[in-house]
Structure formats: structure tokens, C-alpha cells
Amino acid sequence: MIERLDTEVLVLGAGGAGLCAALHAADASPSLSVTVVVKGLLGRAGCTRMVQGGYNAVFTAPDSLDAHLRDTLQGGGWINDQEMVWTLCAEAPGRVLELESRYGCFFDRTPEGRIHQKPFAGQSHDRTIHKGDLTGIEIMNRLSEQVQARASVSVLEESRAVELLVDDEGRAAGALVLSIRDGAFTAIHARATLLAMGGGPTMYKVIACSADKSADGIALAYRAGLPLRDMEMVQFHPTGLVIPGSLMTGALLEEGLRGAGGYLLNGRGERFMERYDPARMERSTRDLVSRASFTEITEGRGTANGGVWIDVSHLGAEHVERAFRGMVRRCRDFGRDLARGPVEVQPTTHFMMGGVVTDPSCRTSIDGLFVAGEDAGGVHGANRLGGNGVAESTVFGGIAGDVMASFVAERRAPRVDARGLDEVARAANAPRGRAAAMDLYALQRQLREVMWDRAGLVRDAAGLAEARGAVERIADELTRAGVPGHAAFNVAWQDWLNLTNQAAVARLIVASALERRESRGAHYRSDFPSADPGPLYTVRVRRDAGGPRVSRAPVALTRLAPSDAAPARISVEVGD
């Protein structure tokens with residue numbers, strides 16, 4: 001039996017975007033009922049908590065909103081949605097002040113008492129605000145406390161949305177939610193629904209994002225028929241730890257290490273970035289540094305374990321231990337001393353720049369459905385600058401909360417035909433107790449390996465075609481995989497649901513990568529190694545009867561064109 005729960009605002013996801021949305025909606029109209037659904041535990045799940053480096057916002061000259069805009073567009077290969085980028089840049093300073101003065105966050109200060117801003121790669125000024133190298137923990141702890149303090153906000157922990165609900169007029173009406181704790185389904189009926197589930201490219205072999213992510217929000221949006229953009233743009237971070245034999249391989253060492261003056265060295269001890277970007281060196285953008293490291297490794301100049309070295313010991317052990325306490329502790333857990341010698345790293349899968357097509361108010365093409373955070377596309381284009389991710393989540397999460405609070409005031413409650421929900425629940429329950437004709441975890445390994453090898457840092461048509469065939473086969477074989485029959489805390493069942501979504505989104509990544517026959521940002525095609533000199537375009541994909549339907553859409557240069565870009569000035573100031 002499917003239970004029913006009525007709420008006015010439903011927030012799917014409880015990272016920076018989801019919690020800011022819940023707080024803004026609750027504060028805009030305290031009489032509203034707001035329900036937050038989180039796959040794990042409040043404040044303990046997702047990727048915002050894992051943010052190490054910081055938060056980009058403009059506060060002092062000579063930095064400016066125009067410079068932040070230009071850096072983001074240049075980093076994104078000029079295929080960003082420029083109005084969304086401008087919204088990010090213009091709203092980020094106010095959101096930082098709100099995080100401090102309203103929600104209780106406290107970021108590092110200069111000796112004069114101003115908010116400290118450190119250098120990050122790909123940016124022309126020191127604009128990254130931080131709390132040491134544990135910024136995400138500070139933000140999530142304070143946001144979680146604030147949510148718990150508001151009586152109008154309720155939280156469903158260890159629960160996951162398995163389908164979006166629509167009414168007979170095609171409007172968003174909430175979601176069907178599965179409790180991981182007991183296997184029960186609840187149809188949550190809502191006047192406004194926000195997708196803020198956090199993306200997460202966990203369909204790759206080496207990952208830096210939270211392991212509980214499985215691109216659920218993007219999969220839900222695709223099944224609902226929403227258009228998606230730039231799904232080929234998967235970010236690989238250059239400095240994931242190399243820990244042979246450990247699942248911690250891929251865990252991040254933050255970008256501030258390079259921003260502070262860290263060196264990247266190949267297996268021969270050479271600062272190899274001189275070959276790839278002699279002007280910016282290690283402070284080049286993530287896409288370029290990741291490919292440079294990948295090239296050094298694949299051409300035989302890597303370390304014995306298939307990595308490269310990052311070395312910050314020349315900055316002084318005392319400074320490194322003070323400025324990067326979290327990173328020093330993480331390395332010491334694995335017998336590495338970041339403060340006094342080089343540490344082995346390799347590229348790791350980090351972030352999805354693509355996602356649902358929205359406008360700057362987080363609205364989608366389905367009335368009543370909003371999207372914010374990593375589930376949304378457009379802000380980052382072909383490459384995300386470090387520090388823009390948590391800024392995007394909190395800026396657009398807050399906007400979504402404000403807009404939803406106004407939206408529901410004028411919208412009648414949607415009506416949903418409950419008969420279709422039973423079919424969705426049966427499909428989600430299908431593997432339970434079924435004879436295991438296929439090995440679920442063998443399929444998981446196959447998906448991760450083929451995406452890493454054929455749709456990873458370097459791609460070509462033949463490899464992508466191989467990946468497409470493999471992903472389609474895996475998705476088909478998943479329909480015959482079985483899991484144990486119990487409902488409560490059934491890890492295999494949850495992994496089956498995860499893998500189903502991962503395979504669906506992997507298919508979108510591969511289809512979009514085949515369509516973009518050029519190299520731009522994080523998307524590098526060895527058979528098309530240059531950028532297309534023609535008009536800029538985004539790759540769009542949406543569900544069709546035969547699978548993903550791929551198309552192109554022109555980029556609207558509403559604020560700047562590539563010809564307006566000034567040469568980047570690389571900041572050299574290093575603060576504590």
C-alpha cells in the first residue's frame with residue numbers, strides 16, 4: 001500500500017541547494033509546509049559537505065562582477081548560459097553575507113578582520129572564501145541547524161525519490177518516495193517541487209564525489225521528459241589521491257594547494273605543466289591540468305602507481321599544516337606527509353556540468369517543477385571553476401526557495417491519479433527476491449570501467465560507440481538482476497536502483513559526447529582535437545520513444561562574446 005503525504009513545497013535533496021531552498025521558502029512564508037527528502041542523514045550526506053576549497057564571491061577591488069563573469073565564461077568554453085552566470089556572480093556576495101549573518105557560518109578572516117579570499121585556478125583575482133580547507137562542513141553544519149530550528153520544515157531521512165508525479169494537466173505534483181529504512185512507498189503531493197539531488201558522476205571507476213550519489217535527479221528529470229544540456233561535460237579533477245588497493249583512491253586534495261603555489265611533478269620529477277600551459281602552470285583550469293596529468297601518465301612519465309606528484313613542501317611545513325589542516329590529516333591517514341614531501345595523485349571524476357535546462361529563476365518546462373544545484377545545467381558550460389560549485393548551489397537554492405514560496409501562493413493543489421503509482425512501485429520492487437540471473441556488482445564494475453576507459457578524459461568516436469553498446473547492454477541486463485527479498489535497509493536493492501539511474505545517465509553522457517564533434521573544456525575528442533570554429537552550441541538531449549534524442553541549440557551571447565575576453569591575470573598573492 002502506498003501512503004500519502006501532502007505538503008506545499010517538496011525539496012528533493014538536502015545539500016547546499018536543497019537546504020537553502022527550504023530555508024528561503026520557510027522564511028518567505030512561515031505558514032508554508034516544507035518537506036525535505038534526503039537519501040542519507042541530514043547534514044551528513046551528499047557533496048556540499050565534502051567541499052574543501054571554498055566559495056567564489058566578489059568583495060573588493062580590483063576584483064569585479066565583470067571579472068568573475070569573464071573568468072567563468074572563459075573557463076566554461078563560452079557555452080554557459082550567460083544570464084545564469086551573471087545571476088551567480090551578482091548574487092554570490094549577498095549569499096555569503098547571509099550564510100554568516102543569518103545562518104551562523106564563519107569564514108576565515110584577514111588580520112584586519114575582513115573575509116579572507118584565496119587564489120584558485122582559472123581565476124584572475126583572489127576571490128575564494130573559505131573556512132580553512134573544510135568549507136563545506138561549516139556550511140552544511142550551520143544550514144542543517146537552521147533547518148531543524150524551523151517548525152514548518154520536516155525532513156524525511158534515508159528516503160529517495162523514485163519518480164516525479166504529474167497531474168492530468170502535465171504539471172508537477174510531487175514525487176513517489178521510497179524509505180530505505182523499511183521499504184515503504186509514500187506519494188508526496190506538493191504544489192511546488194524542487195530537484196536538488198546533487199548529480200554525481202559515480203558511473204566512473206575513480207570518483208571524488210560522494211559515493212551515495214547516483215545522478216538520481218538527472219535520471220528523474222530525463223524520465224519526466226525534461227530537456228537536458230551539456231551532458232557530455234563531466235569534470236575530472238586533477239588531484240585525486242592514489243592509494244593502491246583502497247576505495248579512497250580518487251578522494252580529493254583541494255585546488256587551493258595549486259592556488260597556493262604547489263607544484264605538479266611527473267615520475268621524472270619534472271614540472272610538466274610547462275609543456276601544456278606555461279603562463280598559468282599549475283593554476284590552469286581543471287580540464288587542462290587533468291588532461292596534462294593523464295597524458296604524462298599514459299605516455300609513460302607517471303609514477304610507478306600510475307599517478308603524478310603534488311608537492312607543497314617548499315611552502316614550509318608550518319604554513320601547510322596551518323592552511324591545509326584537513327588535507328594534511330587526510331594524507332596522514334594513509335601514511336603520506338603532505339607538509340614535508342610530495343604526495344601521489346591522479347585525475348578523478350568530480351562533477352557534472354550538464355543537467356536540466358532551467359532559467360535563472362530555476363524554473364523548468366514543467367509547471368511547478370524547479371531545479372537547482374548540480375542537477376541543473378548552464379552555469380558552468382564546459383568546465384567548472386573551483387569555488388563556483390557551492391556558490392551555485394546556495395545562490396540558486398535560495399532563489400528557488402523564494403520563487404517557490406511565491407508560486408504556491410497562487411497555485412491550487414494538483415490532483416494525481418493514484419493508479420499509476422502502483423505500477424511505478426512494482427517496477428522499483430522488481431529485483432527483490434528474483435533469481436539472480438545477472439551479477440549486479442559485475443554489471444556495476446563493467447559500467448564504471450567502460451565509462452572511465454571509453455568516455456573519460458580522452459574520447460573518440462570508436463570508443464564512445466563501444467561505450468554506448470556496453471551501457472545499453474548493462475541497462476538491459478539490469479532488468480534480469482536479482483537482489484535479496486527483504487525491504488528494510490536492503491543495500492543490494494538500493495545499489496540496483498542506483499545502478500539503474502547511473503546507466504540511464506551514462507547513456508546520456510555518451511550520446512551527447514558523440515554529438516559534440518570538437519574538443520572544448522572537459523570534453524576532449526582525440527579525433528577532433530580542436531574547438532569547432534563555427535557558431536557556439538550546446539548539446540541538448542531529451543527522452544524519445546527510441547531512447548535519447550540529441551540536438552543542438554545555439555549559445556546566446558547575451559553579455560560577452562569570446563572576442564571580449566581579456567587575457568587572464570594570474571593572481572600570485574598567497575594568504576593564510
Side-chain angles (χ1 to χ4, degrees), residues 51-56 107-112 114-136 208 237-243 251-286 288-290 292-293 296 303 307-348 385-387 568-576:
V51 171
Q52 300 159 357
Y55 190 121
N56 292 341
F107 302 112
D108 285 3
R109 288 311 206 256
T110 66
E112 296 78 27
R114 295 191 299 269
I115 290 177
H116 182 262
Q117 294 177 276
K118 64 183 177 181
F120 249 33
Q123 300 185 60
S124 55
H125 299 275
D126 296 358
R127 67 168 65 101
T128 305
I129 294 150
H130 61 105
K131 175 71 171 178
D133 56 357
L134 300 170
T135 309
H237 195 290
T239 52
L241 276 171
V242 175
I243 310 293
L252 282 192
L253 294 183
E254 68 128 315
E255 189 151 307
L257 296 171
R258 291 187 290 121
Y263 298 154
L264 287 173
L265 310 170
N266 62 20
R268 301 173 182 175
E270 301 166 334
R271 283 185 72 186
F272 58 86
M273 282 308 300
E274 190 170 9
R275 285 195 281 274
Y276 304 93
D277 191 345
R280 295 184 293 184
M281 295 289 284
E282 286 86 0
R283 289 189 186 173
S284 188
T285 52
R286 290 175 175 178
L288 200 154
V289 179
S290 293
S293 298
E296 294 295 304
T303 64
V308 295
W309 301 105
I310 186 165
D311 190 0
V312 293
S313 60
H314 57 280
L315 301 177
E318 182 179 347
H319 171 75
V320 172
E321 289 178 339
R322 183 176 67 253
F324 301 103
R325 293 188 296 272
M327 297 301 94
V328 169
R329 287 198 300 268
R330 171 170 287 185
C331 289
R332 283 181 179 161
D333 285 343
F334 297 97
R336 278 71 170 168
D337 190 347
L338 180 67
R340 293 170 177 81
V343 172
E344 204 168 5
V345 293
Q346 70 167 92
T348 181
L385 297 184
R569 178 185 71 82
I570 304 305
S571 173
V572 295
E573 178 183 350
V574 177
D576 290 339

Quiz prompt | Check against side-chain contact (heavy atoms from CB on, under 4.5 Å), I129 and Q117 | solution = CA-CA 5 Å; I129 294 150; Q117 294 177 276; 3.7 Å; yes
Self-check item: Over all atoms of both residues, closest heavy-atom pair of G122 and T285
Solution: CA-CG2, 3.9 Å
Exercise. For R340, check salt bridge (charged side-chain N to carboxylate O under 4.0 Å, His left out) against everything at least two apart and list the hits.
Key: E321, D337
Quiz item: Are any side-chain N or O atoms of D108 and backbone N or O atoms of G132, one a donor and one an acceptor, separated by less than 3.5 Å?
Solution: yes
Quiz item: Distance-only, no hydrogens or angles: does the R336 side chain make a donor-acceptor pair with backbone N or O of F334 under 3.5 Å?
Solution: yes
Practice problem: Specify the closest pair of heavy atoms between V345 and P238, including all atoms of both residues, with the distance to one decimal. | Solution: CG2-O, 4.3 Å
Quiz item: Can you find a heavy atom in the side chain of T135 that is under 4.5 Å from one in the side chain of F107?
Solution: yes
Quiz item: Does G256 offer a backbone N or O that forms a donor-acceptor pair with the side chain of E254 under 3.5 Å?
Solution: yes
Quiz item: Looking only at heavy atoms, which two atoms of S284 and D277 are closest? And how far apart?
Solution: OG-OD2, 2.8 Å
Practice problem: Name the orientation class of the two ring planes belonging to H314 and Y263 (parallel below 30°, tilted from 30 to 60°, perpendicular beyond 60°). | Solution: parallel
Quiz item: Does S290 reach the main-chain N or O of P347 with its side chain, forming a donor-acceptor pair under 3.5 Å?
Solution: no
Self-check item: Closest non-hydrogen atom pair, D126 against P119
Solution: OD1-CB, 3.3 Å
Quiz item: Within the side chain of R330, is there an N or O that forms a donor-acceptor pair under 3.5 Å with the backbone of L252?
Solution: yes
Quiz prompt | Distance in Å, T128 OG1 paired with H116 NE2, rounded so as to fall on 0.5 Å steps | solution = 10.0 Å
Quiz item: Where is the tightest heavy-atom contact between M273 and A292, given as atom of each residue plus distance?
Solution: SD-CB, 3.6 Å
Practice problem: Grab the two heavy atoms, one from R271 and one from L265, that are nearest each other, plus how far apart they are. | Solution: CG-CD2, 3.5 Å
Practice problem: State, with a plain yes or no, whether a side-chain heavy atom of V289 is found less than 4.5 Å away from one of E255. | Solution: no
Quiz item: Just by modelled atom types, is the G386 backbone N or O under 3.5 Å from a matching donor or acceptor in the Q123 side chain?
Solution: yes
Exercise. To the nearest 0.5 Å, tell me how far R258 CZ sits from F120 CZ.
Key: 8.5 Å
Quiz item: How long is the span from the OG atom in S293 to the NE2 atom in H237, to the nearest 0.5 Å?
Solution: 11.0 Å
Quiz item: After noting the C-alpha distance and the side-chain angles of I115 and R109, does the key distance pass the side-chain contact (heavy atoms from CB on, under 4.5 Å) rule?
Solution: CA-CA 5 Å; I115 290 177; R109 288 311 206 256; 3.5 Å; yes
Practice problem: Calculate, to the nearest 0.5 Å, the distance between atoms CD and CG belonging to E344 and L241 respectively. | Solution: 9.5 Å
Quiz item: Going from CG on L257 to CD on E282, what distance comes out if it is rounded to the nearest 0.5 angstrom?
Solution: 11.5 Å
Exercise. State the CZ-OG1 distance between R268 and T303, to the nearest 0.5 angstrom.
Key: 13.0 Å
Quiz item: How would you list, by chain and number, every residue that makes a salt bridge (charged side-chain N to carboxylate O under 4.0 Å, His left out) with E296, sequence neighbours excluded?
Solution: R275, R301
Quiz item: Testing L253, V312, V320, I310 for side chain to side chain contact (heavy atoms under 4.5 Å, CB included) with M327, which one passes?
Solution: L253
